[in-house]
Amino acid sequence: MFVTSRTRKIRRTASVAAVAAAVALPLMVASPAHAELVDCNYNSTPNGWYGSCHRFPTDGDAGGVSGDVQNTHVSSDRSARVEFKARSERYWFSNRTNRKASFTSWIVVGGQWRMFKEAQLNTNGDFWFNTSIAENIPVSISICVEGKGCVRVDSLRS
């Protein structure tokens, strides 16, 4: 077969494309850290509001389980949410309702649940805060919206 510079260029381009596809395809189909919708351990939201709980078991912290709880108005984007990040031991608390919201976290100490952190936010506020929790400690988080119930998940881990 007669090989020209154009044939070499096409072969080289095809080879580069094949290598790029071989590298990119596993990255595109790899399973990212994803949220698992789980049953909330407690949910007292009234009609017109709903609670949801998620766990993130693959967040980069071996043995840690991150997660969030949210109390949301059904027909609007008003919600209050708290998230626990096991890898960095950080909490994020957000309130986008027109009511006061409160957050509480518990950890297991000596075989019993103990209150660890709590905070309140008026409307349209949010903040992050760092903590220090020993590895592999059970963590519970809850969010309450004034007059609209509370939501809690107990299956997280530092």
Side-chain angles (χ1 to χ4, degrees), residues 18-74 76-158:
V19 169
V23 170
L25 186 60
L27 294 175
M28 290 189 306
V29 297
S31 175
H34 65 282
E36 295 177 349
L37 181 62
V38 296
D39 290 335
C40 298
N41 295 93
Y42 180 78
N43 186 347
S44 66
T45 54
N47 285 340
W49 289 73
Y50 70 93
S52 61
C53 298
H54 297 90
R55 290 171 20 116
F56 303 89
T58 54
D59 69 344
D61 181 350
V65 178
S66 298
D68 67 25
V69 293
Q70 190 163 339
N71 190 343
T72 305
H73 187 264
V74 171
S76 74
D77 60 352
R78 293 181 299 174
S79 69
R81 178 176 181 237
V82 65
E83 180 176 352
F84 170 70
K85 297 268 191 191
R87 183 173 183 166
S88 55
E89 297 171 2
R90 293 182 82 187
Y91 291 90
W92 177 59
F93 177 26
S94 173
N95 183 14
R96 299 287 181 260
T97 70
N98 59 355
R99 299 170 175 271
K100 187 185 303 183
S102 59
F103 144 76
T104 310
S105 175
W106 297 268
I107 62 173
V108 171
V109 177
Q112 295 185 0
W113 286 103
R114 304 273 188 212
M115 188 184 311
F116 181 63
K117 291 285 181 189
E118 64 180 338
Q120 290 187 344
L121 275 176
N122 290 322
T123 62
N124 296 317
D126 64 314
F127 63 87
W128 281 97
F129 56 96
N130 296 319
T131 61
S132 181
I133 305 172
E135 289 297 312
N136 211 25
I137 299 292
V139 174
S140 172
I141 54 176
S142 73
I143 191 78
C144 298
V145 175
E146 185 177 57
K148 300 302 174 186
C150 298
V151 183
R152 186 184 80 230
V153 66
D154 298 337
S155 58
L156 310 180
R157 191 166 287 280
S158 65

- Measure the shortest side-chain to side-chain distance between Ser66 and Arg87 over non-hydrogen atoms and say whether it is less than 4.5 angstrom. no

- Query: Nearest 0.5 Å, what's the CH2-OG1 distance between Trp49 and Thr72?
  - Reply: 7.5 Å

- Task: Kindly compute the distance separating CD (Glu118) from SG (Cys144), expressed to the nearest 0.5 Å.
- Result: 10.5 Å

- Query: So, are Arg96 and Asp126 salt-bridged, with charged N and O less than 4.0 Å apart?
  - Reply: yes

- Query: Within a strict 4.5 Å, meaning less than it, do heavy atoms of the Thr45 and Val151 side chains meet?
  - Reply: yes

- Query: Thr131 side chain to Ile133 main-chain N or O, any donor-acceptor pair under 3.5 Å?
  - Reply: no

- Got a donor-acceptor contact below 3.5 angstrom from the Ser158 side chain to the Ile137 backbone? yes

- Test side chain to side chain donor-acceptor pair (under 3.5 Å) applied to Ser105 and Tyr91, step by step: CA-CA 9 Å; Ser105 175; Tyr91 291 90; 2.6 Å; yes

- Verify side chain to side chain donor-acceptor pair (under 3.5 Å) between Asp154 and Ser140, making sure each step is shown before the conclusion. CA-CA 4 Å; Asp154 298 337; Ser140 172; 2.6 Å; yes

- Query: Step by step, would you call Val153 with Val38 a side chain to side chain contact (heavy atoms under 4.5 Å, CB included)?
  - Reply: CA-CA 8 Å; Val153 66; Val38 296; 4.1 Å; yes

- Could you give the distance from OG1 (Thr97) to CG (Asn124), rounded to the nearest 0.5 Å? 7.5 Å

- Message: Is it the case that the ring center of Phe129 lies less than 6.0 angstrom away from the ring center of Phe103?
- Response: yes

- Rounded to the nearest 0.5 Å, how far does OG of Ser52 lie from CG of Asn43? 9.0 Å

- Query: Do Ser79 and Arg81 have a side chain donor and acceptor closer than 3.5 Å?
  - Reply: no

- Task: Go through the side-chain N and O atoms of Tyr42 and Ser142 and say whether any donor and acceptor fall under 3.5 Å apart.
- Result: no

- Query: What's the spacing between Gln112 CD and Ile107 CD1 if we round to 0.5 Å?
  - Reply: 12.5 Å

- Task: Calculate, to the nearest 0.5 Å, the distance between atoms CG and CZ belonging to Asp61 and Arg157 respectively.
- Result: 11.0 Å

- Query: Using 4.0 Å as the upper bound for N to carboxylate O, is an ion pair formed by Lys148 and Glu146?
  - Reply: no

- Task: Please check if any side-chain donor atom of Asn130 sits under 3.5 Å from a side-chain acceptor atom of Arg90, or the reverse.
- Result: yes

